[in-house]
Amino acid sequence: MKKGLIIVCLFMFVLGLGGTALAAGNFVDVPANHWAYASVQKLAKAGLVDGESSRLFSGEKTITRYEMAIIVAKAMDNYNKADDANKAEIMKLVAEFAKELDKLGLRIAALEKNQSPISFGGSMDVRYTAQDFTKDGVGSDAKGQYRLRLNMTDKLDDASSLGFRILTSTGRKGTKYPYASSFTKFGATEGYSKSDTPVSIALDRVFVTTKLGQINATVGAQALKIGTTDAVVDSDAYSFDGVKLESSLGGVNLVSNVGRFQTNADVFSLEASAKTGPIGYGVGYLTFTDNASSNYTTYYADKTFAKYILANASYAASKSLSVGAEFVKNQASLAASAGAGSKQAEIVYALIGDQKLVKRGDSNWKVSYYKAGKYAVTRWSNWDLVDDGASTLGTAAANALESKDMKGYNIKYSYALGSKLSGYLMYEKITDDQVTSTSDGGYSFFRVGLSAKI
C-alpha cells in the first residue's frame with residue numbers, strides 16, 4: 001500500500017510539472033450523474049477521504065477517472081478504519097476504477113492481501129461528575145471515573161463473522177450484567193462492598209453473525225438495541241443472550257430479538273423502520289417476562305411486566321440540524337396493590353451543528369427532554385432486575401425519585417479534538433412528578449469528559 005501511494009505521489013508530481021495532458025489523454029471524465037460522486041461524498045463525511053478536490057464536492061464540474069482513482073486510492077489507505085457500510089462503498093469504487101488504479105501501480109490483489117480479517121473498535125472514556133442530591137436528602141457527590149470497551153470482529157468468510165467485547169467494569173456476585181453501564185471510580189472499584197466481587201476486566205459479549213438467505217442472524221451474547229433513542233434500554237451498556245434476526249423488505253428494515261436479558265427476564269421484540277428522504281420512522285413491539293420468581297407481582301398483575309408499543313421519528317432538517325422523538329407505552333397490567341404512576345415514556349431531542357464529529361474542530365450541541373413513568377420500566381426509571389433476594393422493581397432504587405414518575409432535560413456540547421478524540425461538557429437536571437416531601441425533589445449534575453475511539 002505504501003509503495004502504491006508513493007507511485008501515486010510521483011504521478012501527481014510529474015503531472016504538476018508537465019501539465020494535465022497525460023491525464024486528459026488517458027482518462028476520460030466521470031459523468032456528472034455517475035454514482036461514484038455520491039459514494040465518495042459518503043466516504044468524505046466519514047473522514048475516510050479528505051476531499052481536497054473542491055470540484056468533486058462543489059458540483060461545479062466533472063472530474064476525470066484519473067482524479068477519481070487518486071481519491072479512491074486514499075480511501076483504500078483508510079480501509080481498516082471504515083465501518084462495514086463504508087468498506088462496501090470502497091470496494092465498489094475499487095471495482096469501478098480497477099483499470100485506473102492498476103495503471104497507478106495499486107494492485108487490487110495487494111489490497112486484498114493487506115486487509116486483515118480481524119478488526120478492532122471501541123472507546124476509552126474518562127469523565128468527572130459533580131452531582132447534587134441535596135433536595136432528596138442525600139447531599140452532593142463528585143467523582144472521576146474511567147471505562148474501556150474493546151470490540152473485536154473476526155471475518156470468518158464472506159457470510160459469517162465472530163465478535164466479542166471486553167470491558168473494564170465492576171460486578172456483583174451471582175449476577176451477569178448489572179454494572180455493564182458503570183464506570184470505574186478513580187482510586188476505587190465502584191459498587192464494591194463485603195458482599196460484592198470486584199471485576200477489573202469482563203467479557204460481556206460474544207456472538208456469531210451469519211447470512212441465511214436474505215436474513216442476517218446473530219447468535220450469542222450481544223447488544224440489546226430497542227428503538228432509536230435507547231429509551232427502554234441503554235444498548236451501549238446492556239446485552240442479552242439470544243438470537244437477533246435482521247432483514248429488509250421493500251425498503252423496510254425488520255429486526256427481531258429473542259432471548260434472555262440479565263439473569264431473570266425473557267425478552268422478545270419485533271421492529272420495523274424505514275427512511276424517506278430526510279425523514280426516518282419506525283414502530284415496534286417488545287415484552288419482558290420474569291422467568292425466575294414472582295419478583296414483580298407487587299407492581300404488575302403477571303410475570304410479563306413490560307408489554308411495550310413504541311414509535312419513533314426523525315428529521316434531518318439541514319446539514320447542521322436534526323430532530324427526533326420516541327414514544328414508549330407499557331401495556332402491562334398493574335397489580336391491585338400498585339400505587340399511582342404512569343406507564344409511558346417519551347423523549348425529544350435536537351442535534352445542532354456538525355452531525356458527526358469526524359475531524360478536529362467539528363462541534364455540536366445536543367438538547368434532550370424526557371419523561372418516564374414509575375411503571376414504564378425505562379433506562380431513566382429503575383432497571384434493577386437482579387434477583388438477589390434483596391431488591392425488587394421499584395423498591396431497590398437509590399432514592400425515592402427512581403421509583404416515581406420523573407422528567408428531565410440534558411444539554412451536551414461536544415468538540416472534536418481529532419478524528420478519534422472528542423471532549424464534552426454536559427448538564428442534566430431530573431425532577432420528580434410525584435413529590436411527597438420537601439426532601440424528594442430530584443437531582444442535577446455537571447459533567448466534563450473525554451472519549452477516544454479505538
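Every value quoted in this text rests on a predicted model; they were computed, and no experiment measured them.
With sequence neighbours excluded, no residue satisfies side-chain contact (heavy atoms from CB on, under 4.5 Å) with Ala130. Residues meeting the side chain to side chain donor-acceptor pair (under 3.5 Å) test with Ser322, sequence neighbours left out: Gln355. Every residue two or more places apart in sequence or in another chain was checked for a salt bridge (charged side-chain N to carboxylate O under 4.0 Å, His left out) with Lys211, and none qualifies. Thr287 is linked by a side chain to side chain donor-acceptor pair (under 3.5 Å) to nothing, counting only residues two or more places apart in sequence or in another chain. The side-chain contact (heavy atoms from CB on, under 4.5 Å) search around Glu96 returns His34, Trp35, Arg65, not counting sequence neighbours. Residues meeting the ring pair (Phe, Tyr, Trp, His ring centres under 6.0 Å) test with Phe446, sequence neighbours left out: Tyr427. In this view, Ser333 and Ala301 satisfy the side-chain contact (heavy atoms from CB on, under 4.5 Å) rule, not counting sequence neighbours. A search for side chain to side chain donor-acceptor pair (under 3.5 Å) contacts involving Tyr281 returns Thr276, not counting sequence neighbours. Partners of Tyr349 according to the side-chain contact (heavy atoms from CB on, under 4.5 Å) rule, which considers only residues two or more places apart in sequence or in another chain, are Thr229, Ser314, Lys366, Ser368. The salt bridge (charged side-chain N to carboxylate O under 4.0 Å, His left out) test applied to Asp125 returns Arg147, not counting sequence neighbours. The ring pair (Phe, Tyr, Trp, His ring centres under 6.0 Å) test applied to Tyr409 returns no partner, not counting sequence neighbours. A search for side chain to side chain donor-acceptor pair (under 3.5 Å) contacts involving Ser160 returns Thr210, not counting sequence neighbours.
Of all the heavy atoms in Phe207 and Ala221, the pair that sits closest is CD2-O, 3.4 Å. For the residue pair Ser248 and Asn253, the shortest heavy atom distance occurs at OG-OD1, 3.6 Å. The shortest heavy-atom contact between Ala75 and Leu43 is CB-CD1, 3.9 Å. When all heavy atoms of Ser235 and Arg205 are compared, the closest pair comes out as O-NH2, 2.7 Å. In plain terms, the two heavy atoms of Phe268 and Val258 that are nearest each other are CD1-CG2, 3.7 Å.
For the pair Glu326 (side chain) and Thr228 (backbone), a donor-acceptor distance under 3.5 Å is present. Looking at Asp354, its side chain never comes within 3.5 Å of a backbone N or O of Leu357 through a donor-acceptor pair. A donor-acceptor pair under 3.5 Å is absent between the side-chain atoms of Ser363 and the main chain of Ser414, judged by distance alone. Looking at Tyr415, its side chain never comes within 3.5 Å of a backbone N or O of Leu425 through a donor-acceptor pair. A distance-only check finds a donor-acceptor pair linking the side chain of Glu271 to the backbone of Gly227 [under 3.5 Å]. Of the possible donor and acceptor atoms, none in the side chain of Asn86 sits under 3.5 Å from a partner among the backbone N and O of Asp83. Looking only at distances, no side-chain donor or acceptor of Tyr315 sits under 3.5 Å from a matching main-chain atom of Leu321. Judged purely by atom type and a 3.5 angstrom limit, Asn330 uses its side chain to pair as donor or acceptor with the backbone of Tyr375. Between the Gln222 side chain and the Gly242 main chain, a donor and an acceptor come within less than 3.5 Å of each other. In this structure, Asp290 contributes its side chain and Lys303 its backbone to no donor-acceptor pair below 3.5 Å.
Atoms CE and CZ, from Met426 and Phe445 in turn, are 6.0 Å apart once rounded to the nearest 0.5 Å. Rounding to the nearest 0.5 Å places CG of Leu150 at 11.0 Å from CG of Leu203. Interatomic distance, Leu310 CG to Tyr285 OH, rounded to the nearest 0.5 Å: 11.5 Å. Note: Thr378 OG1 to Glu346 CD = 10.0 Å, rounded to the nearest 0.5 Å. Rounding to the nearest 0.5 angstrom, the gap separating the CG atom in Asp204 from the OG atom in Ser239 is 4.0 Å. Here OG1 of Thr129 is found 3.5 Å from CZ of Arg447. Values are rounded to the nearest 0.5 Å.
Summarising the local packing, NZ of Lys275 is surrounded by 12 or fewer heavy atoms from other residues, nucleotides or ligands at distances under 6.0 Å. Within 6.0 Å of atom CG in Leu249, 12 or fewer heavy atoms from other residues, nucleotides or ligands are found, so the atom counts as exposed in its surroundings. Within 6.0 Å of atom NZ in Lys225, more than 12 heavy atoms from other residues, nucleotides or ligands are found, so the atom counts as buried in its surroundings.
Within the cation-pi definition used here (under 6.0 Å to the ring centroid, within 45° of the axis), Lys412 qualifies as a partner of Tyr424.
Taking the six-membered ring for Trp and the full ring otherwise, the centers of Phe288 and Phe261 sit less than 6.0 Å from each other.
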| Lys87 vs Tyr79, side-chain contact (heavy atoms from CB on, under 4.5 Å): CA-CA, chis, key distance, verdict | CA-CA 6 Å; Lys87 284 179 178 178; Tyr79 181 86; 3.7 Å; yes
| side-chain contact (heavy atoms from CB on, under 4.5 Å) assessment of Ile347 paired with Tyr369 | CA-CA 6 Å; Ile347 178 175; Tyr369 172 81; over 6 Å; no
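Among Asp302, Asp266, Thr304, the single residue meeting the side chain to side chain donor-acceptor pair (under 3.5 Å) criterion with Thr289 is Thr304.
Residues Arg149 and Arg165 meet the side-chain proximity criterion, which asks for heavy atoms closer than 4.5 Å.
Ion pairing between Asp362 and Lys359 holds under the 4.0 Å rule for side-chain N and carboxylate O. Look at Asp405 and Lys374 and you find no salt bridge, because none of the NZ, NE, NH1 or NH2 atoms lies under 4.0 Å from a carboxylate O.
Between the side chains of Asn216 and Glu246, not a single donor N or O lies within less than 3.5 Å of an accepting N or O. For the residue pair Ser247/Gln214, the side-chain donor-acceptor check at 3.5 Å is not satisfied.
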